[in-house]
Structures are given as structure tokens and as C-alpha cells.
Amino acid sequence: MSVVNDTQAAASTGTETFEPKILAFACHWCTYSGADLAGLNRMSYPANVRVLRVPCSGRVNPQYILTALNKGVDGVLVCGCHPGDCHYVSGNYYAKRRLMAFRRMLQYTGLEPERFQVRWISGSEAGKFRDTVTSVVEQVRELGPYKPDPALAALIDSSVDASNPVLPEGGEA
Amino acid sequence: MSRVGVFVCHCGSNIAGTVDVEHVAEEAAKLPNVAYATTNKYMCSDPGQQAVREAIIEHNLDRIVIASCSPRMHEATFRKMLAGTDINPYMLEIANVREQCSWVHKDKDVGTPKAIDLVKMAVAKVNYDAPLTTTTIPVNKRALIIGGGIAGMQAALDIADAGYPVTIVEKESSLGGRMVMLDKTFPTMDCSACICTPKMTDVGAHPNITIKTLAEVESVGGYIGNFEVTVREKAKYVDYDTCTGCSLCETKCPSKVDSEFDQGLAKRRAIYRPFAQAVPAKPTIDAKNCRKLIDGKCGVCEKVCPVGSIKFDDEDKVTTEVYGAIIVAIGYQLIDWTKIYGEYGGGRFKDVISGLQFERLVNASGPTEGHILRPSDNTEPKTVVIVKCVGSRDPEKAKSYCSRACCMYAAKHAHQYLDKVKDARCYIFYMDIRTPGKGYDEFYMNTQHDGARYIRGRVSKIINQNGKLICKGEDTLLGSQVTVEADMVVLETAMVPADEANQIGSMLGITRDKDLWLSEAHPKLRPVETNSGGIYLAGTCQGPKDIPDSVAQASAAAMKVAILFSKDELESNAMIANSNKNLCNGCGACVAICPYGAITLEEITARENSVMVTREISKVNPGLCQGCGACTVACRPGAMDLRGFTDEQIMREVAALCQW
């Protein structure tokens, strides 16, 4: 699975402009449909973002964000329904509280705030999705590649692995 | 070892135009556990689906990835297809290479590598898919309709005729909504009341329909098939069981206030029916203006009522009932132009009126009995200016959208005015004429033949001078300034969502667009459903519409409800939370975070480390769980997981992405 594409090769050798990798968690009901609508309206935005669909922004475990940053992503975006609009009543409120505290913690460890952002984008806000993605890509491009502190990375790695519930008797799912 | 099949769709040129689909399939074939990868012109078509079925048998596949349009579009289609094979319908992942790849990137060099990454993520996830099963939940075959305008009434009649009980919750004291306020309807010039009031009577008399007037929905709980709805019926101060609707009380009441129904052009009493044909045909007391209820003096209505129906001690009635489906038909209101358009007098000039006021003015049962008279001095206006797009298509000051019905009713107003007033002149200031619809353009042309003069441009200012309204504007076709001395000005104002739209939207989990119109599930393919199962939209709450479109949408929503009610049970969501009892420590964090009350703690006794232990563990109710996954993140020991979106699957997707 070591298919390295041209952009990445160029980025790692530093011969061309740096192309950041952004992982965007999008809730199925609002932001994911907003992203679909951006496509339907043939808007265009940088290809640096990969959307990972989750049912609700409240499903996003901080552990995913740590792993992503630690394993080579330059920025993470979490998007959900606007406050008050959550398809699941209150998931985005939990996401907001949880991720805002988590964001402070990441900043404390030295992460630039632009690398981890939380945004509310509704299913009809295709333009906002495009603008958000574009601005996050630009901000992270300015910052350059993310290099996790090796000691911290090792710590995160061990803690994430320990809590990773990949257990043989892990229920039916 | 799983055997994954990857199927990449061309979607004609929709995907293949900016993504090298053959290359995507080649790269997919190299991924671990991928046993087969191919492309197809239209994966969702019958031949496309047949090709997948054949490949499953031929290559002994046990799970598949479809790289195509959004899962919101065809995930259900492919699940249904898998249901006809040996593979469980949930052993499927969709890579969204159309909406989120080929359509937003113009270049194959950009689109192709991204599509490969998206397929990689989907393959990483599908490897950890597990077969899922559903359970059944009961359907309560009773419908709730919020709003008793033409859309709500049509939906109620259709559902009731299909044999199911319906309850209408209407905030006003009568059914009818906006349509019953109109005089005539375009393009046939049917009398609005003549086609609306029989519907109201039908609704009122239908054995399957219950009407709750002066009522509002206070809270909604539950889910499709099982909504628990609390409705507050405000005190009417009249006993509807005994009242005969003789209206003697109305004639004797001494309090007079502006009539909402007549748009402030006439007065009504404090005990009143909004209009003569109201359904229910019984009065209510407006507590804010009733002398008896304010300071205890009066009570004339009580004295004259021949059957003793007046109840000054009446109280709000709050009831909670269970419904299987909800139709939202809360309609629209007109934009308050007085706050925005100071250049049109901002409401200071009595003879600058709104289109709805004109409807009342021209109506035979309106304040002037159908004679078109200036509100200021009751004289007949000889020159009328009609201004269109007041608030519509004006992003700087008001709304950016077109309100859709105004071009037609402006033409209707001009036609009615020129028909009723002899030697009259009518000028219509317009931006564009939009008359799509059966017989609509012909109607507009006829209005021009009637003598209405269309001037392309906006009115920039109205000055009140010696009883005349001087309208200054521009004729953009002639490129010159125009001044019209008018006796009366009619503003065709924008439709905006009802005041309750935001509150009802958030209570029912319906998304609103930037203007607060309620959003349908899909703008083209699911125009009456919302993203919340069992909740449907009808009429103008979803966006500006004219009457035929509102009625059509209402019947469509009613059909959706009838389809839902044709089943005794529904299949529950398979992608729900699941607790691993070996890991659960019974802390209850999941119980607190679940918005549906779907998780409970249950006592178990089991042998652990050779000792019999009794302890509490969490248990998920599959009928109540909606699969949001909030509990999974709250779970400290990592016992709670979400089927279909497990921690393992998301972590594998992240890992696949990190190799990009």
C-alpha cells in the first residue's frame, strides 16, 4: 500500500510548492450534503481535502484526530450541523464542547490552531463548504508540513494503541 | 481474508470526464484483499447492477466497494441490490468520486489521484464491515398536520380519505390560511373563497379529521412511526360543544380592534370569527382586547348568548398523543416592507398598500364590499401603480430569491383594477416577467391588452404630495426617468417563512436554508421528505409557491404518509450502537449522553475470573437508537461502538488516508 503520488513526492523533496493533506470529518446530514451540493453546483475547491463521512460530528473521537496528525495529515477539519440543527438533537453540542477543550489541549502541546478547526456547515451551504475548505488549505499551506514532536508522537502512539478497541471479542461489529 | 470487489462507475462522462476511471480500477486491484476491480458505464443501471451480481458469483466476493456518486444518492440502491445476493446488504462501502471529486475538480491529473485515495479509504473500511441485521418497530397509523392552510387541508383530506385518522393543528382560530384571504386566483379567476371554503367544510366534516385551532405544537419526541407530540390549545373562552355559531355575541361586543383577516383595513370585535365562513364556525374571545378579561367589566356576550356557551374561566388545554407521521405545512408570511423600504414611505402613506391588502379591498366580502377605494379618503383611485419585487430579488436590502407568484398576481391585480374602475390607468414597474405555468403567459398578455402599462424598472422613491403619490422611477428600456402621479400604490411584497419556521424546524430536526425556508431531503428526488424519517413538508414552508404547486406538494406528502401507513411495522436502523458487555464497566456515561433515551443500565450476573459477579452494564434499545454515535465517544472503557461506523473502521480509513 505504498503508492506515493507525484504531489507527495514533490512535496517531500521540496522542489515544488507544498500541498497539504487535510482530513475533513463531515456529518452525514449537514456538511456531507453541503459538500455534495457543492459538487451538484459544480463549484471547485482544492483537491487537498479528503472527506470522511460520520453519522454525526458527535461521533468524532479525539483519538482519530490525534492519530491522523501523528500519522501524516497536516490539518484536520471537523464539520457538523449548525447549533440547534443537529439531526440527532444534541450531537453537535457534545462535539463542540469536547473538541473545543481538545483544541485548547492541542494548542498547549504546540499545535498551531489553524491545523485543527471545527466548523458548522449546513446541507444548503455549499458555498460555505467550498470557502471553508479553501481557507483551511491555504492556512495550512502557509504553515508548511506538520512535523509532530517525536517524543509526543511516541506518547500519543502508545496511548492511542492502548485505547484502540481492536479486540477479538469486540462485540458483533 | 476478505474478498473485496471494487466497481468504478463512469457515470457517463460525469465521473469519467475528470477522473481516469480505468486507472482508478487498476490501482484498486493492487490494494490488499481486493479480489476484483472493474469499471462500468452506469453502475446504478440494471445492466450495471447485473454486472456486480455476476462478478460476486464469479469472483466469490464477500464485500464490495462502489466508487460512484454520493452514498446519499445510491447507497440504498446498492444495498437493495445486495439483498438479492448471498452478501449481507451492509457489506458495502461507497467511495464518493462524483459529488466530492469529479464534479469539483476540473482536471484528470487532480481528480484521478483523489479518486484513488477515496477508493483506498473505502476499501480500508469495507474490510472491517460486518453483516448487520434489522429489527422491526411498530407504526402508529395517525398523522399530525401542522398548519391548516390549503396545503395542510389538502394533505389532511387525502390521508383521511385513505382511511387514516388525521389531526390538524392550526394556530389561528379558523382553517384557511392565506388562500382564503385572496379574492380571485390566477389564471382562471376562480373565486378563491368559492374553491377554498368547500375544502374547509370538507375538512371540518370529515369523520377521520380532528381539528385543533388556536393551537401550537409544544414538543415532539420519538421517531418515525412513534412521535409523541404535545399540543397546547389556547383558551377560546367559548364552549365549542354547546355553541351554535349564531354570532349574536359578535354583534353585541363593544370592543373594536383592527381585523387581522382584513389586513387592518376593517375592524372586528373582541369576540369574533376571523371571517364569516370560518371553520370551525364558532367564535373565540381575544383575551388581549376583551373588557371582561382585562378588568372584569362588561360580559355582554355572556348575557346575550342564548345557550350559555361563554366560559370566561376557560384554560389552555395541553394534550400529548402519539402519531406515526408529521406533515409540516406552516406556510409563509409577507415580508414587513415598512421596516425596509423607507423610500416607499415606510408605512406612513395610507394609500401605499400591500398586495394582500389589495386582495381584501377588491373582495366582495372585504371592508369595502369589493369597491376599490383609497384607504385614506375612500375615493376611487384613477391611477394605480403596482411595484413588483418589493423585497424579492433584492439581496442588498431584503431577499435574493424570486417569490415566484408575484408576477402572476400583479397581472391579476392590474386586470381586476382595470375591470372594476372605468377610465383607469395602471402602471406596473417590473424587473422581469416570469410566467411559467399553464395559461400563465396568456393571462399576462391579456392584462397588457386590458391596458396595463408595464415599465421595466424599479420605483426609487414615492413622495406624498397633495394627496397624490408621486412615484419616481426609471424606464430601463427607454433609458429615461419616469414620474407617475398615482392615487394608490400596490406593493407586491416578498414571501418569507412563517415566524414559527425556525422554532418548528429545530423542534422536528428539519434543516433551514439561509432564508429559513425548511429544507427538503433532496432538491430534485425527495422534494417532500425531510432528513428526519416520518416528517414531510407541504406548501410554502419549503419555499415560495403558488396554489397549484402547494396543493400538488400536499398530495405528494399525503401519499408518502399513506405509503408509510400501509405497513404495520418498519424496519429499524441496522447501524446502531452496540455495547460490548465484557468491556462495559456500567459507568452510565452513555445513558446520560443519549438524546433518545435508548440506553439503559441492566444488571447481569456472570462468571468473571472464576468468580460469580453481579454488576450493571449498558444495553441499547434497537428501536430507539438512531445511530448518532454520541455514546461511543463518551464511553470511557471503549465498550460502546457504532455498527457501520466502528472505531476500527474509522481508524482504518484515517490510516489509509495517511498513506496518501
J.: Given side chains that start at C-beta, do those of A/Pro148 and A/Pro150 come closer than 4.5 Å, heavy atoms only?
T.: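 Not touching, per the 4.5 Å side-chain cut-off.
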J.: Give the member of B/Met575, B/Glu75, B/Lys581 that has the highest number of heavy-atom pairs under 4.5 Å with chain A.
T.: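 Heavy-atom pair counts peak at B/Glu75.
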J.: What part of A/Arg53 gets closer than 4.5 Å to chain B, counting heavy atoms only: side chain, backbone, both or neither?
T.: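 Contact with chain B involves both backbone and side-chain atoms of A/Arg53.
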J.: Are A/Lys21 and A/Asp74 close enough for a salt bridge, meaning some N to O gap below 4.0 Å?
T.: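 No.
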J.: Could you check whether any side-chain heavy atom of A/Leu77 comes within less than 4.5 Å of a side-chain heavy atom of A/Thr132, counting everything from C-beta outward?
T.: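 A side-chain contact under 4.5 Å exists here.
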J.: Of the listed residues (A/Ala35, A/Gly39, A/Ala68), which shares the most heavy-atom pairs with chain B below a 4.5 Å separation?
T.: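 Heavy-atom pair counts peak at A/Gly39.
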J.: Among the options B/Asp513, B/Thr511, B/Asn531, pick out the one with the most heavy-atom pairs lying under 4.5 Å from chain A.
T.: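 Going by pairs under 4.5 Å, I would pick B/Asn531.
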J.: Counting heavy-atom pairs closer than 4.5 Å to chain A, which one of B/Val110, B/Asn96, B/Leu118 comes out on top?
T.: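 Among B/Val110, B/Asn96, B/Leu118, the one with the most close pairs to chain A is B/Asn96.
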J.: For chain A, find which of B/Glu99, B/Gln100, B/His105 contributes the most heavy-atom pairs closer than 4.5 angstrom.
T.: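 Heavy-atom pair counts peak at B/Gln100.
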J.: Check whether A/Ser57 gets within reach of chain B through its side chain, its backbone, both or neither, counting any heavy atom under 4.5 Å.
T.: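 Answer is neither: A/Ser57 stays 4.5 Å or more from chain B.
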J.: So do A/Tyr64 and A/Arg59 actually touch side chain to side chain, heavy atoms under 4.5 Å?
T.: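 With C-beta onward as the side chain, the pair touches.
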J.: Can you tell if the side chain of B/Arg98 reaches within under 4.5 Å of the side chain of B/Met73, non-hydrogen atoms only?
T.: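 Result yes, sub-4.5 Å side-chain heavy-atom pair found.
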J.: A/Ser124 versus chain B, heavy atoms under 4.5 Å apart: side chain, backbone, both or neither?
T.: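 Just its side chain gets close to chain B.
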J.: Does a side-chain N-to-carboxylate-O contact under 4.0 Å join B/Lys30 and B/Glu26?
T.: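 No salt bridge links B/Lys30 with B/Glu26.
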J.: Checking A/His28 against chain B: side chain, backbone, both or neither under 4.5 Å from a heavy atom?
T.: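 For A/His28, heavy atoms of backbone and side chain both lie under 4.5 Å from chain B.
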J.: Any heavy-atom pair between the side chains of B/Lys514 and A/Glu125 that's under 4.5 Å?
T.: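 No; the side chains remain at least 4.5 Å from each other.
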J.: Pick from A/Leu52, A/Asn61, A/Asp85: which one has the most heavy-atom pairs with chain B under 4.5 Å?
T.: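 Most heavy-atom pairs under 4.5 Å with chain B: A/Leu52.
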J.: Is there a side-chain contact (heavy atoms from CB on, under 4.5 Å) between B/Glu27 and B/Lys120 once you walk through the steps?
T.: CA-CA 9 Å; B/Glu27 288 297 322; B/Lys120 272 187 205 166; over 6 Å; no
J.: For a ring-ring contact (aromatic ring centres under 6.0 Å, His included) check, start with the C-alpha distance between A/His82 and A/Trp120, then their side-chain angles and the critical distance, and finish with the verdict.
T.: CA-CA 5 Å; A/His82 282 274; A/Trp120 312 125; 7.8 Å; no
J.: Pick one of side chain, backbone, both or neither for B/Leu508, based on which atoms fall under 4.5 Å of a heavy atom in chain A.
T.: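 For B/Leu508, no heavy atom lies under 4.5 Å from chain A.
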J.: In plain terms, say whether A/Arg141 and A/Glu114 are close enough for a salt bridge, that is, a side-chain N and a carboxylate O under 4.0 Å apart.
T.: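 Salt bridge between A/Arg141 and A/Glu114, a charged N being under 4.0 Å from a carboxylate O: no.
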J.: By a 4.5 Å heavy-atom criterion (distance strictly below it), what part of B/Arg512 contacts chain A: side chain, backbone, both, or neither?
T.: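 For B/Arg512, heavy atoms of backbone and side chain both lie under 4.5 Å from chain A.
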J.: For the candidates A/Phe25, A/Tyr45, A/Trp29, which exhibits the highest count of non-hydrogen atom pairs separated by less than 4.5 Å from chain B?
T.: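 The answer is A/Tyr45.
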J.: If you count heavy-atom pairs under 4.5 Å between each of B/Asp109, B/Ile650, B/Thr632, B/Ile510 and chain A, which one has the most?
T.: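 Ranked by contacts with chain A, first place is B/Ile650.
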J.: Under 4.5 Å, counting heavy-atom pairs only, tell me which of A/Ala95, A/Ser90, A/Pro62, A/Gly58 racks up the most with chain B.
T.: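 That would be A/Gly58.
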J.: What part of B/Asp515 gets closer than 4.5 Å to chain A, counting heavy atoms only: side chain, backbone, both or neither?
T.: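 For B/Asp515, neither part sits under 4.5 Å from chain A.
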J.: Between A/Tyr32 and chain B, with a heavy-atom cut-off of 4.5 Å, which part of the residue counts as in contact: side chain, backbone, both or neither?
T.: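 Its backbone and side chain both get close to chain B.
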J.: Between B/Cys584 and B/Ser618, which heavy-atom pair has the shortest distance, and what is it?
T.: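 That closest heavy-atom pairing would be SG-N, 3.4 Å.
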J.: Taking B/Arg72 first and then A/Asp36, would you say they form a salt bridge - that is, a charged N and a carboxylate O separated by under 4.0 Å?
T.: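 A salt bridge is present here (some side-chain N lies under 4.0 Å from a carboxylate O).
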J.: Select, from B/Ser519, B/Gly505, B/Ser532, the one with the greatest count of heavy-atom pairs under 4.5 Å involving chain A.
T.: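 Of B/Ser519, B/Gly505, B/Ser532, B/Ser532 has the most heavy-atom pairs under 4.5 Å with chain A.
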J.: Check whether A/Cys27 gets within reach of chain B through its side chain, its backbone, both or neither, counting any heavy atom under 4.5 Å.
T.: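 Neither part; nothing is under 4.5 Å.
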J.: At a 4.5 Å cut-off on heavy atoms, which part of B/Lys106 comes close to chain A: side chain, backbone, both, or neither?
T.: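 Only the side chain of B/Lys106 comes within 4.5 Å of chain A.
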